[in-house]
Amino acid sequence: MNDFTKRVIDIIKRIPPGYVMTYGSIAECAGNPRASRQVSRILHSMTAKYDLPWHRVIRKDGSIALPNEAGGLEQIVLLTAEGVEVSVSGKINMQRHFWVEAFLEENDGL
DNA sequence: GCAATGACCCTGG
DNA sequence: CCCAGGGCCATTG
């Protein structure tokens with residue numbers, strides 16, 4: 001396993017309940033802005049082994065990437081249980097739940 | 001080693 | 001809002 005993969009796993013494990021991150025932002029934080037697809041692949045293959053909160057990772061437009069029949073439905077259930085607002089159309093309120101570490105640091109916790 | 005693949009993303013119609 | 005096309009890049013066959 002390479003460093004990028006390790007960082008991605010570490011970042012995902014740090015996402016607090018009630019918040020979400022996008023594939024692209026995770027890739028960026030892990031040092032590879034263009035590797036959003038690799039992030040998705042890592043989730044697909046490493047979730048079971050590393051006990052990751054995979055449901056907190058969504059698309060940049062706030063929609064669920066995983067097809068409903070492949071777990072997307074379960075993802076919505078898990079997010080809702082954590083307090084994340086998922087609209088009827090399957091989209092998430094990014095302004096409210098997007099986890100941005102830099103933002104929190106600048107605002108000293110808020 | 002080359003070709004295909006994908007839980008993505010962006011632009012334009 | 002929905003669809004198409006192109007770019008992206010590590011993993012897979």
Side-chain angles (χ1 to χ4, degrees):
Chain A
M1 177 192 304
N2 56 39
D3 285 348
F4 176 73
T5 302
K6 288 180 187 173
R7 283 195 289 270
V8 169
I9 291 176
D10 187 61
I11 290 170
I12 294 175
K13 286 170 80 170
R14 290 189 199 299
I15 305 176
Y19 283 90
V20 296
M21 261 185 107
T22 69
Y23 296 88
S25 64
I26 290 173
E28 193 176 347
C29 287
N32 243 357
R34 313 290 186 76
S36 55
R37 306 195 79 148
Q38 280 59 267
V39 173
S40 71
R41 197 194 59 71
I42 291 171
L43 241 59
H44 188 71
S45 61
M46 309 289 205
T47 295
K49 299 166 188 164
Y50 292 85
D51 193 36
L52 303 173
W54 59 275
H55 55 282
R56 305 197 204 152
V57 186
I58 61 177
R59 283 205 196 115
K60 203 165 191 178
D61 66 352
S63 63
I64 302 297
L66 193 62
N68 292 343
E69 60 273 21
L73 229 48
E74 181 189 355
Q75 180 168 13
I76 293 176
V77 172
L78 290 171
L79 287 172
T80 306
E82 291 185 350
V84 175
E85 303 167 21
V86 183
S87 73
V88 188
S89 59
K91 287 204 173 183
I92 289 166
N93 187 332
M94 297 298 281
Q95 289 295 313
R96 200 181 175 85
H97 303 287
F98 186 39
W99 171 245
V100 189
E101 205 163 352
F103 172 83
L104 293 177
E105 287 176 3
E106 284 179 27
N107 291 278
D108 189 34
L110 189 57

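Not measured: the values here are computed from a predicted model. By convention in this document, chain letters (A, B, ...) are assigned in the order of the sequence lines, proteins followed by strands, and residues within each chain are numbered from 1.
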Colleague: Quickly work out the A:Tyr23 OH to C:dA10 C1' distance and round it to whole Å.
Modeller: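 The answer, rounded to whole Å, is 17 Å.
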Colleague: Do A:Trp54 and A:Gln75 touch side chain to side chain, with heavy atoms closer than 4.5 Å?
Modeller: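 Yes, their side chains come closer than 4.5 Å.
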Colleague: Heavy-atom distance under 4.5 Å between the side chains of A:Gln38 and A:Asn32, does that happen here?
Modeller: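 When only atoms from C-beta onward are counted, A:Asn32 and A:Gln38 do not touch, as no gap falls below 4.5 Å.
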Colleague: Are A:Phe4 and A:Val39 packed together at the side-chain level, in the sense that at least one heavy-atom pair is separated by less than 4.5 angstrom?
Modeller: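 Counting from C-beta outward, A:Phe4 and A:Val39 do come under 4.5 Å.
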Colleague: Name all residues meeting the side chain to side chain donor-acceptor pair (under 3.5 Å) criterion together with A:Asn2; count only those two or more places apart in sequence or in a different chain, and write none if there are none.
Modeller: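 Per chain and number, A:Asn2 pairs via side chain to side chain donor-acceptor pair (under 3.5 Å) with A:Thr5.
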Colleague: Please tabulate, one pair per line, each protein N/O and nucleotide N/O from nucleotides 5-9 of chain C that are separated by under 3.5 Å, including the distance.
Modeller:
residue, atom, partner, partner atom, Å
C:dG7, O6, A:Arg37, NH1, 3.2
C:dC8, N3, A:Arg37, NH1, 3.3
C:dC9, O4', A:Gln38, NE2, 3.3
C:dC9, O2, A:Gln38, OE1, 3.0

Colleague: If I take atom NZ in residue A:Lys6 and atom C1' in nucleotide C:dA10, what distance separates them, rounded to the nearest angstrom?
Modeller: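 After rounding, the gap between these two atoms is 17 Å.
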Colleague: Can you name the side chain to side chain donor-acceptor pair (under 3.5 Å) partners of A:Asn68, sequence neighbours left out?
Modeller: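 So A:Asn68 forms no side chain to side chain donor-acceptor pair (under 3.5 Å) with any residue.
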Colleague: Taking only residues two or more places apart in sequence or in another chain, which ones pass side chain to side chain contact (heavy atoms under 4.5 Å, CB included) with A:Ala81?
Modeller: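 In terms of side chain to side chain contact (heavy atoms under 4.5 Å, CB included), with neighbours along the sequence ignored, A:Ala81 is linked to no residue.
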Colleague: So do the side chains of A:Ile64 and A:Val86 get within less than 4.5 Å of each other, counting heavy atoms only?
Modeller: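 SC-SC contact between A:Ile64 and A:Val86 ruled out.
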Colleague: Which atoms of nucleotides 10-13 of chain B (N or O only) lie under 3.5 Å from a protein N or O atom, and what are those distances?
Modeller:
residue, atom, partner, partner atom, Å
B:dC10, OP1, A:Lys60, NZ, 3.3

Colleague: Considering residues at least two apart in sequence or located in another chain, which fulfil the side chain to side chain donor-acceptor pair (under 3.5 Å) criterion with A:Ser40?
Modeller: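 If we apply the side chain to side chain donor-acceptor pair (under 3.5 Å) test to A:Ser40, skipping adjacent residues, there are no hits.
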Colleague: Got A:Val20 and A:Ile15 here, is their nearest side-chain heavy-atom distance under 4.5 Å?
Modeller: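 No - every pair of side-chain heavy atoms lies 4.5 Å or more apart.
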Colleague: Contact list please: residues 62-97 of chain A against DNA chain B, heavy atoms, distance less than 4.0 Å, in numerical order.
Modeller: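 Hits under 4.0 Å, by residue number: A:Ala65, A:Leu66.
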Colleague: Can you name the side chain to side chain donor-acceptor pair (under 3.5 Å) partners of A:Asp61, sequence neighbours left out?
Modeller: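 Once residues adjacent in sequence are excluded, the partners of A:Asp61 under the side chain to side chain donor-acceptor pair (under 3.5 Å) criterion are A:Ser63.
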Colleague: Just grab all the salt bridge (Lys or Arg N to Asp or Glu O under 4.0 Å) pairs involving residues 1-13 of chain A, residues at least two apart or on different chains.
Modeller: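 Pairs touching residues 1-13 of chain A that pass the test: A:Asp10-A:Arg14.
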Colleague: Who pairs with A:Pro33 by side chain to side chain contact (heavy atoms under 4.5 Å, CB included), at least two apart in sequence or on another chain?
Modeller: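 A:Pro33 satisfies side chain to side chain contact (heavy atoms under 4.5 Å, CB included) with A:Glu28 only.
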Colleague: What salt bridge (Lys or Arg N to Asp or Glu O under 4.0 Å) pairs are there with at least one residue in residues 75-100 of chain A, not counting sequence neighbours?
Modeller: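 Of all non-adjacent pairs touching residues 75-100 of chain A, those that pass salt bridge (Lys or Arg N to Asp or Glu O under 4.0 Å) are A:Arg56-A:Glu82, A:Glu85-A:Arg96.
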Colleague: Heavy atom of residues 40-55 of chain A under 4.0 Å from DNA chain C: which residues?
Modeller: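 Result for residues 40-55 of chain A: A:Arg41, sorted by number.
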